[in-house]
Every structure is written in C-alpha cells, then in structure tokens.
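Everything on this sheet refers to the single structure shown next.
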Amino acid sequence: MARILITSALPYINGIKHLGNLVGSQLPADLYARYMRARGHEVMFICATDEHGTPAELAAAKAGKPVDAYCAEMHQVQADLARGFRLSFDHFGRSSSARNHRLTQHFAGRLKAAGLIAEVAEKQVYSNADGRFLPDRYIEGTCPNCGNPRARGDQCEECTKQLDPTDLINPRSAISGSTDLEVRETRHLFLRQKAMRDQLRDWISAKSDWPVLTTSIALKWLDDGDGLQDRGITRDLDWGVPVKDGEKDWPGMEGKVFYVWFDAPIEYIAATAEWADAQGLDDAAWLRWWRKDHGAEDVRYIEFMGKDNVPFHTLSFPATLMGSGEAWKLVDYIKSFNYLNYDGGQFSTSQGRGVFMDQALSILPPDYWRWWLLSHAPESSDSEFTWENFQASVNKDLADVLGNLVSRVTKFCRAKFGEVVPEGGETGPREARLIADLTTRLKSYEGFMEAMEVRKSAAELRALWVLGNEYLQEAAPWTTIKTDPARAAAQVRLALNLIRLYAVLSRPFIPDAAEAMMAALNCTDWSWPGDVGAALTHLPAGHAFTTPEVLFAKITDEAREDWAARFSGIRA
RNA sequence: GGGCCUGUAGCUCAAUGGUCAGAGCAGGGCGCUCAUAACGCCUUGGUUGGGGGUUCGAGUCCCUCCGGGCCUACCA
C-alpha cells in the first residue's frame, strides 16, 4: 500500500467555473484519487478555493458585499457544485483560512532568514478615485503604437505590443474609469528566484518522466532571455494574508498583503492542516503528508492543473518550499492539461460562453458529464466540446454499451429465473475466454490509470464493457435456455457477476451509476478484482437482486438542440 | 517580435524511426431477438496540411511554407 497525496489546482473564487476549468484539474484529480483508493492505497486528496487578489475584491464590490462575506458565500457555492460532480476531496479548504495565514507568514519568515527575500522600491500607478494601486491590466488607455483606445497597461490586444502602464496615452482606471491617476513609490518583497535558478533547474532536469508540456514551460522560464526573474510576492491590498515575518511584524510592510500566487499553493498544505483540524487530529496527522522529517518520506505527491498554472507549480512554489530550508515534500509528478474549447471557440467566463458547472448539473446527472469530459480530456492538445459529440458519446457509450447491458441481463434473468442469481450449470470454454479477455483488458486499464492516461483509460474501460456484450451475444442464453436450462443459468449467473465487476471498475469514472448497479445487485463489496475468474463468482446462486431503472436515459435530438441554443449566448 | 505545442479517415482521437498508418462514432451489408429501435459480425473511407532533405526505412528526425492554439512573468 502506498501513500498518495493529490492536489487539484485551486479554483478562483470569483464565480462559477465552466466545464473547461473542471476537466483541467479537479475532475481528473478526482478520477485518480478514486482509483487509488479503490486499489487500497492511502490517499489524501486536497483542493480549496483561491480567494485573494484584486479580482475577488472587484467581484465582491460588484455584488455589493464585503469581500470576506462574498468569498464565504462563493466558497459554499463551489463546495456544493463539487459535491454535485462527486468530487471526492478529503478536504475542500479556503486560502483565506487561519491555517493558511499562519503558514504563509511562516514561509515568508523562513525565506527571509535564508536571505531569499529582497525588498525593492517600485513605482506603481495609484488611482485616487478607487483608493488602490492598480495592477497593470486594470489600467486602460490609448496604445502609443497602434492608437487602439482600449489598450491595457500590460499589453495592447489589437497590436499585441507589450506595454508599460506609463506608455499609455490618456490612461484611466479600468475599474472606475477615473483619470485621477498618479505614480507612487511603494516597497515590495521579492522572492529571489534568480538565486535558486540552478537548484530549480537541477530539480526539474531530474524529472525525465514529466510531459513535455510541463518541462518545456518550466525550462522556458528558467532560461529565456535573462533567465528566471525574481518575483514580487506582496501587494498593496486589504484582502489577503498580512505580510509578517513568521509571527513577528515586518517593519515597512504594514498594511500590505502577500500576493495571491505566493499564498495560493501554500494552501495545499494549509488545507491538509484544515482537514486535520476538522477531523479533530493533531498536527502530526497532516505533517506526515507534507514533511519528510515527519513521515512524508514515502509519500508520492501528484499535482493536477491546467497548463496556465505550470510556471507557478514548477518554479515559484518549489522555490518557496526549497528556500524554507525545511524538509517539505516537493511534487513528484505534475499532470497538466490543455484547454477545452466550446463549439468552435473558447469557454469564456467573462462572456458567459459555454456550459458552467451549475448549468451542467441542472440538465443532466454528473456521470454524463464526468464520462464525456474524462473520455475527451484535453491531454495532448486542446479539445473541443460540441453538443453533437456529447450526445453521441453519452448515448452510445453509457446508454447503449453499459446501460443496456445491465438492462438485458437483469431483465432476462427476471423473466426466466426470477430476481435471484440462478443456480446450477457450469461454465465452459467461452467463459474461460471471456475471463482471459477481461484479464488482459483489465491489466491495460490499470496501467493507463496508474499512468494518468485519462482518455486511454476511458477507452479501455469501454472496451471492457464491450466484452460483456460480445459474450452475451455468443453465449445467447435466450437460445440456450430452450435446450439446456442449467447452462443458461450458469451464463446468467456469470453475467450478473459481470455487472458487479463493471460497477467496481467504472466507479472512478461514473460513481453514481456504479452505486446504482451495486445497489440493484444488493451488494456492498467493492473490492478490486485481483483475479477476474474469482470476481465473477462473487455473487452466489440464490442471491437476491432487484432489476434497476434505466441507468442512463438517452439524450434526444430535441434536448440537444434546446441546450445548444440556450448555452450559445450570454450568461447573465 | 520571441518561445512552445499542434495539423493523421466525414467527426473525435491512437500509433519507442521499423509488417499493410489503427480505434470509436458516423456510412454500407449481414446476423440476433434477452435488452434503452438496443447488441454482435463483416465492411467502405487516408498522397498523415504543402514542398524539400537525412535514412536501408519517415506520420515520427531536419529545413521551409501554410493553417490552428498557448505562453511571454502585475488576471489568476
């Protein structure tokens, strides 16, 4: 038995996430966590809301609420949706928690002691009307290069020229529109990543099994141009973790908070501490997951994220952990994803384009989404959601291949033998072949799941289901029963056990359907099959079952057209 | 501008430089009748974006052109 620590990139607090966000981190992380638990490993699966930063403050202001109340509310919404999609977090924390405040301040203090924090005076744009410093992209003005009147302070989207806010002609606040801006000097803390460049490169270079997508992004940042740059880790904001040197004040940093990208990954650790608190456990309970000098030496740590998150997880977060001088557990494998597009364009939170988590659950149960999203996960390149594809996959894979298999077996049994596992008869060569085929496929499925090959795992699971239909077609108990009822009984007994096998194997992908299958079979033993032949004799003759309702209703053309129309436009 | 990824059947995707480039869906044919008009078997589809090169051998490596996407450090 291994110990596996799994984290999903933290969803940002300022609204409901769309399906692209879901499939890029939380859902595949859940698949992996469920699989590893099913195999008997000890799993700690952590996620949280990422609550700090300017967008959260602005979203709260727009909602007319204090930012802490807004975040508390949105955290609850996201937690409910996570439950709705059956995301099996051991803990879903909050980056604004007391635990994260303390840990973030602790890391800052350690980094300072190690000489890895620099204090730098900077000039930044301050908006008097907004009463805040403005991040570059919250300043708009006319592009000096192409004349676009809506250029942002970091870049002009028309001519793609990189800009400095002071380059803009007639600059104004993107928040209030105010032109009452001034350049003020402010002091900030920088994480001296440059000093850790070689250490980071050595660490990344040793990860030969990481995907190109991950390492190439990291190496680019390490070596491009002047190489890895120091990163500012503080901001002039109200909402965030107050800057402190451990538990001591940090002279000159009064009124400032840590930058969201400094505190957010630390929340992975803090959320594990929150978990221990919630369980009534002491610090040793979470330290054994995170500190190599407190028992985490044998932990395997996997992070799941979208490709946009890779730099922070390969560079600044490891720099924070390494630089502390303490024996923190570093990530062993990063599984990163490309983007999911929606019907020819991008999902867009700001434009409300695409399907959002709440909308998805309002029209179909979570298994439908889980299956489609995972079997089409954007692993090798960006992938695309279309309603036609969704309808076709769900109807064919879930309703026809798996759902119908369950129907035909249980209904045939009910009609000929009653709702009880039939007795008598013996299996023969065809059954032996089925077991051999299942065993081969199962090994392959397990291999793909271990390797986090999400699409290939889904394809292999589907192939396992198909073996069931092939067997039934050849065994044809509806014919056998006319001449050899005992033989038909053995075939049906095996087929009923096949449903249980499928429930166990399918549970990481489609937990609700798996549970419905097990409930129908009146079975609670979820043990993973070590030996397929033995697993197919699990339900003994005489065991009662109930014929389940249709597992997956098909998506009609009318429904598909209706949804395609409803979700093409603008979300309020 | 720079960097990275990507282009394979009508669609969604596979193929450590090595049999005839494979699956699923869609299309065509046959079978079955237990089942959600479901299932099974057979089958039609490809000059691997274009051009050049390296190699005994290229979807795969190199150059170039064309198309799509991402990142570029103060959105997160």
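Letters A, B, ... mirror the listed sequences (proteins, then strands); counts begin at 1.
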Exercise. Pick one for B/G45: is it syn, with its angle within 90° of 0, or anti?
Worked result: syn

Distance check, [atom1] atoms only: [N] and [M], in whole angstrom units.
{"N": "B/G49", "M": "B/U44", "atom1": "C1'", "answer": "24 Å"}
{"N": "B/A26", "M": "B/A15", "atom1": "P", "answer": "23 Å"}
{"N": "B/A21", "M": "B/U47", "atom1": "P", "answer": "12 Å"}
{"N": "B/C30", "M": "B/C13", "atom1": "P", "answer": "33 Å"}

Side-chain donor-acceptor contacts of residues 467-475 of chain A below 3.5 Å, not counting sequence neighbours, with atom names and distances?
{"from": "A/N469", "atom 1": "OD1", "to": "A/R408", "atom 2": "NH1", "distance (Å)": "2.8"}
{"from": "A/N469", "atom 1": "ND2", "to": "A/V401", "atom 2": "O", "distance (Å)": "3.1"}
{"from": "A/Y471", "atom 1": "OH", "to": "A/E431", "atom 2": "OE2", "distance (Å)": "2.5"}
{"from": "A/E474", "atom 1": "OE1", "to": "A/R430", "atom 2": "NE", "distance (Å)": "3.2"}
{"from": "A/E474", "atom 1": "OE2", "to": "A/R433", "atom 2": "NH2", "distance (Å)": "3.1"}

For this session: State which residues pass side chain to side chain donor-acceptor pair (under 3.5 Å) with A/T440; sequence neighbours excluded, sorted by chain then number.
Result: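 A/T440 satisfies side chain to side chain donor-acceptor pair (under 3.5 Å) with no residue once adjacent residues are dropped.
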
For this session: Would you kindly check whether a donor in the side chain of A/N404 faces an acceptor in the base of B/A38, or vice versa, at under 3.5 angstrom?
Result: no

Exercise. Is the closest basic N to carboxylate O distance between A/E460 and A/R462 below 4.0 Å?
Worked result: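 Salt bridge between A/E460 and A/R462, a charged N being under 4.0 Å from a carboxylate O: no.
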
Exercise. Can you check whether A/K456 has a side-chain N or O nearer than 4.0 Å to OP1 or OP2 of B/A23?
Worked result: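 Negative; the distance criterion is not met.
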
Exercise. Where the side chain of A/W221 is defined as all heavy atoms beyond and including C-beta, which of B/U72, B/C74, B/A35 is the nearest nucleotide?
Worked result: B/U72

Exercise. Between B/G31, B/A26, B/C74, which one does the side chain of A/K396 approach most closely?
Worked result: B/A26

Exercise. Relative to the 5' end of RNA chain B, which residue comes earlier, A/Y12 or A/A399, by the nucleotide with the nearest heavy atom?
Worked result: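 Of the two residues, A/A399 wins.
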
For this session: Specify the residue among A/D400 and A/N389 whose closest nucleotide of RNA chain B lies further upstream toward the 5′ end.
Result: A/N389

Exercise. What stems involve RNA chain B, if each pair must be Watson-Crick or G-U and both of its distances must be under 3.5 Å, with 3 or more such pairs in a row?
Worked result: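 So the stems come out as B:1-7 with B:66-72, B:10-13 with B:22-25, B:27-31 with B:39-43, B:49-53 with B:61-65.
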
Exercise. If you measure from the ring centre of A/F412 to the centre of the six-membered ring in the base of B/C34, is it under 5.5 Å, with the planes under 30° apart?
Worked result: no

Mind checking what makes side-chain contact (heavy atoms from CB on, under 4.5 Å) contact with [X], not counting sequence neighbours?
{"X": "A/K554", "result": "A/N395, A/A399, A/D400"}
{"X": "A/A59", "result": "A/N14, A/Y70"}
{"X": "A/P311", "result": "A/I217, A/W221"}

Problem set entry | Minimum heavy-atom distance A/R197-A/L222, with the two atoms named |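 So the minimum-distance heavy-atom pair works out to NE-O, 3.0 Å.
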
